[in-house]
Every structure is written in structure tokens, then in C-alpha cells.
Amino acid sequence: MLITDREHGLARVFSRSTELSDNIGERVSKIISDVRIGGDAALFGYTAKFDGFEVTAENIEVTKEMLDKAYSEVSDELLGALRRAKTNIEKYHRKQLLDFELAESAPDGNTGYMIRPVERAGIYVPGGKASYPSSVLMAAVPACVAGVSDIIMCTPGTSPLTLVAAAECGVSRIFGIGGAQAIAAMAYGTESVPKSDVICGPGNMYVAEAKKQIFGAAGIDMIAGPSEILIVADGSADPEFVAADLLSQAEHDETAMSILVTTDKALAEKVSAEVTRQLALLPKKAIAEKSIDDFGTIILADSPEECVEISNAVAPEHLELCVEDPEALLPLVRNAGAVFMGHWSPEPLGDYYAGTNHVLPNCGTARFFSALGVNNFVKRISLIQYGKSGLYSAADDIIALAEAEGLSAHANSVRVRLKEKK
């Protein structure tokens, strides 16, 4: 891994976004337009072109027989692990539920909100280079907790464990399609795929760009791109642990990014050597090696505080605080998708089991996006309830503000109710 200073390290990190965005927008825009106008015909055509298999109205949807077969191919051990992870994820997301609220906010005036789920949620699960049943749990479980009655899923391929995860989470319908064309289908609807109110889930840069472009036709959780991890480590960190955690993201795909920020030059050199050693042992060595060669970066900083400053500038998807006292640094953290605290909280703990969501903002969007959660599947509807005396006491202010904006009908809507007062 490249060991460098703050300036050159950040320049290398930020170069990834520029490289990945070139020419993507126009290509995705055409795919979306074609699917919106052409429906199934365009959807099937792009699936054949990009994914290399023929989809028809008869085989696009996963059948009950296919689900039964998938269950028969999943071991009891794997099914048990899946169900235990689902339980943890459900427990965590139930904490995010908001209750109905209507309370006095002024004399004779109440305000509040009520929560309503969307009617249909579309979840996207990657399935090109690998299968991700854990992503099914992370998208479908919050939707179920939110009370969504109809959950559809698009995923390329038919991995048995992915299909079983969908069935376990109450997904209504599963479609064997992927890419930007699947996002367009869920956003606008086709003859085979129903239109969704919100679309959530991770994906590659084409999926991320498609979600960005269809926003408005449907809601989205975030614009997420290739995976990334940033580790802040001090001299107490184990180089073997740190290297393993860096590679846990590098193996996702060639554009994943792994960053170590440390004040300890000796640790940096040991981690770099350990990454090289562990790389040689990985089944996905070619992918991870490309990621490390292109984007793997070790940045040397002058203090723990500067380490966190650098992290905040990157706004990483996954932030590990591999330091002796992670709680001391936590108040300095402003931008991160998820924070893993201490030497025994590796990133895969959040990916699979702790219960927190692994669908996280990346490519710097952790500055303004949050992890996928229940809030992505509900609407908070405002409630206003004033009595006569409450409106009378506020009337002069409302009328003055409305007339200042030149909206006389707004003012009159209040004024006509003041006859009795006059």
C-alpha cells in the first residue's frame, strides 16, 4: 500500500470519484429513458445485453417452486445463522420506530405528526460478482418493521441463500434482473415489474447513478457507490487485524477503497507488509489486489485529532477506530456511515450480525446521508389542530406575514374567521 502524507493521500482518495463518474451519466440516462418508454421490451433487451441471459415475461419472476428448491439447497447451519442475524437486525431497527404525537404547542393550539409507511418498497440486491443475502436482510427487515405491506426485490441471478433470505423477510415478489435497468423498472413500472414508492439497497456505480436520476419518480435511501473503509489506528493496533480489515473491503470489487490513517510510521509499514502477505492468500486476490494498487492508501498524520480530521474530510462508509481509547475520539467524528469502536469490532460484524444496517453512504455522501433504516420506508405527516382562541391569538401575525409576501388570499383565509372577534 502507498504510504504518504495528508495532502497526497487525500488527493489519491478523492481521485476515485472523478474516475468513476466519467461517462456514466449519459449511458444511465439512456437506459432509464428506454425502460420508462419501452417497458418490458427495453428491460429484457438491456438484461440480455449486460447480464448475458434471456428474460421474458414468463421467467422474470421467481416462482414458489424456485423458492422451495432454494430452501432445499440451504443447510440448516446457514439458515440458522441467517435467522439469528435477522433477529438482531429487527431488534435494532425497532428502536427507530416513532410513535404518534399530538401535543400543545401554543394556547389552544396542538401540533404533531403521524407516521405512515409507503405502500410499496423496491429493494435492490447486487448479484453479479457475488451473492449478498445479507443485503436482503438489511433492506427488507427495516421495510417490514416500518409496516410496508408490499416489498418487491430485484436481483441478478438466483442464489439460493439470497432467495431464502427474501422469503424469510417477507418479500412479496422477486425479479431476476439487475443494473440500472432494474432501478428504472422499479421507479416507473413495466408490464412485469410494478412501480415502487421508494427504492433502497446497494449496488455498483451504474445502480448508484440510476438511483440518483430516478429520484422524484420514487424516493431513494441514498446514492451509494463502491465500498470503502477508513481505519484510524494507533500503536495499540495489531497490524494483522488492520490489514485483514482493509482487505475485507478491497475484495468487494476493483473500485473499493481501503485507507489507513495513523500517527505511527512503524505500524504503517507493518500493515503494508501484512496486506501484501494476506493478499496472496485471498481467493479473490485479483480483485483485492487491483483495489489496493489503485486506491489503497496509508496516510501519516501528526496527532490522533488530525487522523479524525482526515477521516471527516473523506466521510467514509466504514470508519474503524482501532485505538486504545475509541470513546475519546468519538466526539470528534462528524462524518461516517458507521463507526466500529475498538480492536474487537471489525467491519464484518456490522455487515452481518450486530443488527446495525450495512447499507451505508459512501463516496463522501456520509456528509449528508445516513444508514438505511426505518425512516426510509415511512412518511412523517404533520398534524395541526387549533381551536378558535388559538387561531384568534395568532391571526394578526399570520395576516402580517402573508401580506408581506403579497399573498392576500392566505391572509383572507384567516381574516374571514375573525368576524365574531370583531
Side-chain angles (χ1 to χ4, degrees), residues 13-14 16-17 20-21 24-25 28 32 89 92-93 96 117-118 120-127 132 134-146 148 151-155 178-180 182-184 186-187 196-230 249 252-253 255-257 311-319 333-340 347 350-351 354-380:
V13 168
F14 294 142
R16 183 179 71 153
S17 296
L20 296 182
S21 63
I24 293 292
V28 169
I32 291 173
I89 295 164
Y92 176 82
H93 286 85
Q96 299 176 0
V118 300
R120 179 182 294 124
I123 64 175
Y124 185 85
V125 177
Y132 296 101
S134 59
S135 290
V136 179
L137 302 181
M138 296 296 176
V141 169
C144 286
V145 170
V148 179
I151 305 170
I152 69 169
M153 183 175 100
C154 286
T155 185
I183 300 298
M186 289 191 286
S196 296
D197 299 308
V198 297
I199 299 171
C200 297
N204 63 17
M205 54 190 170
Y206 288 92
V207 169
E209 179 64 27
K211 287 168 69 176
K212 177 181 176 181
Q213 291 192 23
I214 61 86
F215 179 65
I220 63 170
D221 49 352
M222 66 192 77
I223 303 165
S227 189
E228 61 202 22
I229 187 170
L230 188 149
Q249 297 310 293
H252 269 299
D253 66 57
T255 57
M257 184 164 60
S311 176
N312 284 328
V314 175
E317 177 185 16
H318 308 100
L319 168 61
V333 176
R334 297 191 308 276
N335 304 323
V339 182
F340 299 80
E347 186 276 338
D351 266 359
T356 55
N357 208 293
H358 81 200
V359 181
L360 299 167
N362 51 24
C363 295
T365 61
R367 292 179 296 109
F368 46 83
F369 276 130
S370 304
L372 177 61
V374 170
N375 286 345
N376 295 110
F377 299 100
V378 299
K379 303 159 289 183
R380 185 163 55 188

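The first residue in the sequence is number 1, and the count goes up from there.
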To the nearest 0.5 Å, what is the distance between CE (Met205) and CG (Asp253)? 8.5 Å
How about Gln249 and Glu228: does a side-chain donor come under 3.5 Å of a side-chain acceptor? no
Just by distance, do the side chain of Tyr124 and the backbone of Met186 share a donor-acceptor pair under 3.5 Å? no
Would you compute the distance between atom CG of Asn375 and atom CG of Asp221 and round it to the nearest 0.5 angstrom? 12.0 Å
Going from NE2 on His93 to SG on Cys144, what distance comes out if it is rounded to the nearest 0.5 angstrom? 11.5 Å
Has Asn312 got a side-chain atom pairing as donor or acceptor with Asn335's backbone, closer than 3.5 angstrom? yes
Give a yes or no on whether the backbone of Gly201 and the side-chain of Lys211 come within a donor-acceptor separation of less than 3.5 Å. yes
Please test Val28 against Gln213 for side-chain contact (heavy atoms from CB on, under 4.5 Å), starting from the C-alpha separation and ending with a verdict. CA-CA 8 Å; Val28 169; Gln213 291 192 23; 4.0 Å; yes
Between the CG atom in Leu372 and the CG atom in Asn357, the distance rounded to the nearest 0.5 Å is 4.5 Å
Mark yes or no for whether His358, through its side chain, and Asp351, through its backbone, hold a donor-acceptor pair below 3.5 Å. yes
Using 0.5 Å steps for rounding, measure from the CD atom of Glu209 to the CD1 atom of Ile214. 11.0 Å
Show the numbers, then the answer: is there a side-chain contact (heavy atoms from CB on, under 4.5 Å) between Phe368 and Met222? CA-CA 9 Å; Phe368 46 83; Met222 66 192 77; over 6 Å; no
Check Ala371 against Pro361 and note the closest heavy-atom contact, atom names and distance. N-CD, 4.0 Å
Could you tell me which non-hydrogen atom of Cys200 sits nearest to which non-hydrogen atom of Asn376, and how far apart they are? SG-CB, 4.2 Å
Minimum-distance pair of heavy atoms, taken over all atoms of Val136 and Ile123: O-CD1, 4.4 Å
In Å and rounded to the nearest 0.5 Å, what is the CD1 to OG distance from Ile183 to Ser196? 9.5 Å
A side-chain contact here means heavy atoms from C-beta on lying under 4.5 Å apart; do Phe377 and Pro117 qualify? no
Considering all heavy atoms of both residues, which atom of Val125 and which atom of Ser135 are nearest to each other, and what is their separation? CG1-CB, 4.2 Å
Which atom of His318 lies closest to which atom of Ser227, heavy atoms considered: CE1-OG, 3.7 Å
Output yes when a side-chain donor or acceptor of Glu347 lies under 3.5 Å from a complementary backbone atom of Phe340, and no otherwise. no
Please report the closest heavy-atom contact between Met138 and Val359, naming both atoms and the distance. CB-CG2, 3.9 Å
Would you confirm whether Asp197, through its side chain, and Val118, through its main-chain N or O, come within 3.5 Å as a donor-acceptor pair? no
